[in-house]
Amino acid sequence: MRTSEREVVFRVCDYDLAATLTSGQAFRWYQHGDTWEGVIGSHWVRLRSSQDSIIAETARPVTNWEWLTHYFQIHLGLGDVLASFPQDESMNSAVMACHGLRLLQQDPWECLASFILSSTKQIVQIRQIVSLLCKGYGEPVAVPPGHPPAFAFPSPARLAETTEAELRDCKMGFRAPYLLKTARIIATGQLDLDGLRQMSVERARAELLQLPGVGRKIADCVLLFAYGFQSAFPVDVWIMKALRELYFPRRRLSNLRLQRFTETYFGPNAGYAQQYLFHYMRTQRPLMLSKPKAGRSHSAA
DNA sequence: TCAGACCCTCACAG
DNA sequence: ACTGTGAGGGTCT
């Protein structure tokens with residue numbers, strides 16, 4: 001076995017860490033200069049990436065890095081995934097524009113709770129809410145000397161014993177009762193999140209849909225971002241916009257018809273295809289379609 | 001299938 | 001600067 005180290009280097013190919021961490025699948029990564037800091041489970045991590053490697057640093061020595069390689073899907077080759085995409089102009093443009101974009105494999109509870117908090121919120125606001133939630137109710141994790149404190153994502157049990165008012169103080173608004181009720185369902189074992197791993201994607205989705213605040217979109221986010229069901233295809237306003245503009249510019253299809261289209265057209269790795277279209281729409285397309293923003297005021301200095 | 005409600009925050013006009 | 005307005009990774013009724 002490997003000796004215990006605070007730092008490890010992973011050789012990677014086609015891995016755009018920045019794009020991956022800002023593509024709206026995880027909400028707890030922060031950029032500091034050329035590094036990214038975040039918490040995975042109970043580990044504080046600092047990451048640095050170069051062309052062909054990712055360097056991870058922790059606060060305490062680590063012997064088994066499986067939690068990290070799993071989260072980042074380090075050993076997944078992107079070639080087979082990209083090859084399974086439909087070969088159309090839009091898909092090719094998205095793949096070119098988002099070269100190295102990856103899907104993470106997150107903790108189911110953190111993913112579920114985060115996406116319950118995501119409805120009709122901008123990503124910056126989701127990040128703020130999740131941050132407040134972790135500061136308020138998450139366990140502190142080890143950080144380097146002198147570093148500001150960092151927190152794990154609060155457990156279902158911990159959140160189950162909060163009140164709606166306390167959760168609303170984290171600025172989550174009407175989502176508070178949803179999160180509270182779902183936390184109680186998970187904490188009492190009424191639904192076993194680990195058990196979903198062995199189920200078919202349809203069965204797992206049906207289980208998630210029973211939770212308050214969880215509809216089709218959020219269920220599919222959890223199926224894809226936490227469990228790795230590659231066929232899950234979350235359809236949100238951005239994907240809807242992408243489908244209408246890129247694939248059906250002159251037809252008026254119902255949301256249901258568009259959903260049906262995604263279930264067959266994008267193939268076995270539809271979830272990955274979705275992530276490329278989503279990031280493409282959010283980053284590249286707006287720059288081309290909308291007018292440049294008016295000059296910003298200089299708030300500093 | 002179809003609105004409307006739901007909390008709250010930020011960007012953007014005026 | 002200050003206030004008004006609209007919309008933001010949806011879900012529920």
Side-chain angles (χ1 to χ4, degrees), chain A residues 19-29 94 98 101 103-104 106 110-133 136 162-183 185 205-226 229 232-245 252-260 262 270-286 290-300:
Chain A
T20 300
L21 297 180
T22 59
S23 64
Q25 49 183 321
F27 304 101
R28 293 229 287 150
W29 292 97
C98 311
L101 177 63
L103 286 180
L104 303 170
Q106 306 173 51
E110 174 169 348
C111 188
L112 170 62
S114 298
F115 277 96
I116 286 176
L117 301 175
S118 75
S119 70
T120 57
K121 278 291 185 193
Q122 297 177 137
I123 290 177
V124 286
Q125 297 175 23
I126 302 166
R127 290 165 64 83
Q128 183 189 23
I129 296 170
V130 171
S131 173
L132 287 170
L133 193 63
T162 62
T163 65
E164 183 179 325
E166 287 176 316
L167 293 182
R168 280 178 186 264
D169 286 341
C170 296
K171 304 187 179 182
M172 67 182 72
F174 63 78
R175 302 154 196 82
Y178 295 152
L179 181 61
L180 184 54
K181 286 175 190 165
T182 293
I185 291 171
R205 179 184 291 122
E207 294 290 327
L208 290 172
L209 285 174
Q210 294 187 29
L211 298 168
V214 179
R216 174 67 190 249
K217 190 270 172 179
I218 289 175
D220 276 20
C221 283
V222 178
L223 292 171
L224 182 62
F225 300 144
F229 284 107
F233 194 105
V235 177
D236 60 27
V237 292
W238 287 95
I239 289 299
M240 203 60 84
K241 183 173 154 68
L243 294 175
R244 291 191 197 285
E245 282 184 19
R252 270 185 57 85
L253 294 184
S254 69
N255 290 2
L256 187 61
R257 290 303 294 256
L258 285 171
Q259 176 101 47
R260 292 280 177 269
T262 68
Y272 244 104
Q274 172 272 164
Q275 197 65 13
Y276 274 84
L277 288 175
F278 177 75
H279 198 60
Y280 179 53
M281 288 303 281
R282 284 180 48 84
T283 56
Q284 306 299 122
R285 297 280 295 183
S290 65
K291 289 176 287 189
K293 286 178 181 173
R296 296 174 174 283
S297 60
H298 301 282
S299 54

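Because the structure is a prediction, the values reported are computed rather than measured.
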Over all strands shown, is [X] touching base, sugar-phosphate only, or nothing at heavy-atom distances under 4.0 angstrom?
X: A:Ile123; answer: sugar-phosphate
X: A:Ile129; answer: nothing
X: A:Glu164; answer: nothing
X: A:Val235; answer: nothing
X: A:Ser114; answer: nothing

Would you kindly give the [atom1]-to-[atom2] distance between [X] and [N], to the nearest whole Å?
X: A:Arg216; N: B:dT1; atom1: CZ; atom2: C1'; result: 17 Å
X: A:Arg205; N: C:dT11; atom1: CZ; atom2: P; result: 12 Å
X: A:Leu179; N: B:dC7; atom1: CG; atom2: P; result: 15 Å
X: A:Leu132; N: B:dC7; atom1: CG; atom2: P; result: 19 Å
X: A:Leu211; N: C:dG10; atom1: CG; atom2: P; result: 19 Å
X: A:Lys171; N: B:dC10; atom1: NZ; atom2: C1'; result: 11 Å
X: A:Met172; N: B:dC7; atom1: CE; atom2: P; result: 13 Å
X: A:Phe278; N: C:dG10; atom1: CZ; atom2: C1'; result: 13 Å

Measure the shortest side-chain to side-chain distance between [X] and [Y] over non-hydrogen atoms and say whether it is less than 4.5 angstrom.
X: A:Pro177; Y: A:Arg168; value: yes
X: A:Asp169; Y: A:Leu132; value: no
X: A:Gln25; Y: A:Thr20; value: yes
X: A:Phe225; Y: A:Leu103; value: yes
X: A:Val235; Y: A:Leu258; value: no

Runs of at least three consecutive pairs that involve DNA chain B, where pairs are Watson-Crick or G-U with distances under 3.5 Å: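 Stems (3+ consecutive pairs) listed as B:3-6 with C:10-13, B:8-14 with C:2-8.
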
B:dA3 and C:dA7, which share atom name P, separated by this distance in whole Å: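 The answer is 16 Å between these two P atoms.
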
Nearest-Å distance once atom P is located in both B:dC7 and C:dT3: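 25 Å, rounded to whole Å.
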
Polar side chain donor-acceptor pair, A:Thr262 to A:Gln274, under 3.5 angstrom: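 No - no donor-acceptor pair under 3.5 Å links their side chains.
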
If you check every side-chain atom of [X], which of [options] has the closest atom?
X: A:Arg168; options: B:dT9, C:dG10, B:dC7; value: B:dC7
X: A:Phe174; options: B:dT9, B:dC7, C:dT11; value: B:dC7
X: A:Gln128; options: B:dT1, C:dC12, B:dT9; value: B:dT9

Set of side-chain contact (heavy atoms from CB on, under 4.5 Å) partners for A:Arg28, sequence neighbours left out: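 With sequence neighbours excluded, A:Arg28 shows a side-chain contact (heavy atoms from CB on, under 4.5 Å) to A:Val39, A:Glu110, A:Val130, A:Cys134, A:Phe153, given in chain and number order.
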
Ring centre gap for A:Phe278 and A:Phe233 strictly below 6.0 Å: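 Judged by ring-centre distance (under 6.0 Å), A:Phe278 and A:Phe233 do not meet the cut-off.
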
Under-3.5 Å donor-acceptor pair between A:Lys121 side chain and B:dC8 base: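 When only heavy-atom distances are counted, A:Lys121 does reach the base of B:dC8 through a donor-acceptor pair under 3.5 Å.
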
Base B:dC7 to side chain A:Arg175, donor-acceptor N/O within 3.5 Å cut-off: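 Counting by modelled atom types and ignoring angles, a donor-acceptor contact under 3.5 Å is found here.
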
Closest-nucleotide 5' rank along DNA chain C - winner of A:Leu209 and A:Cys221: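 Closer to the 5' end of DNA chain C: A:Cys221.
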
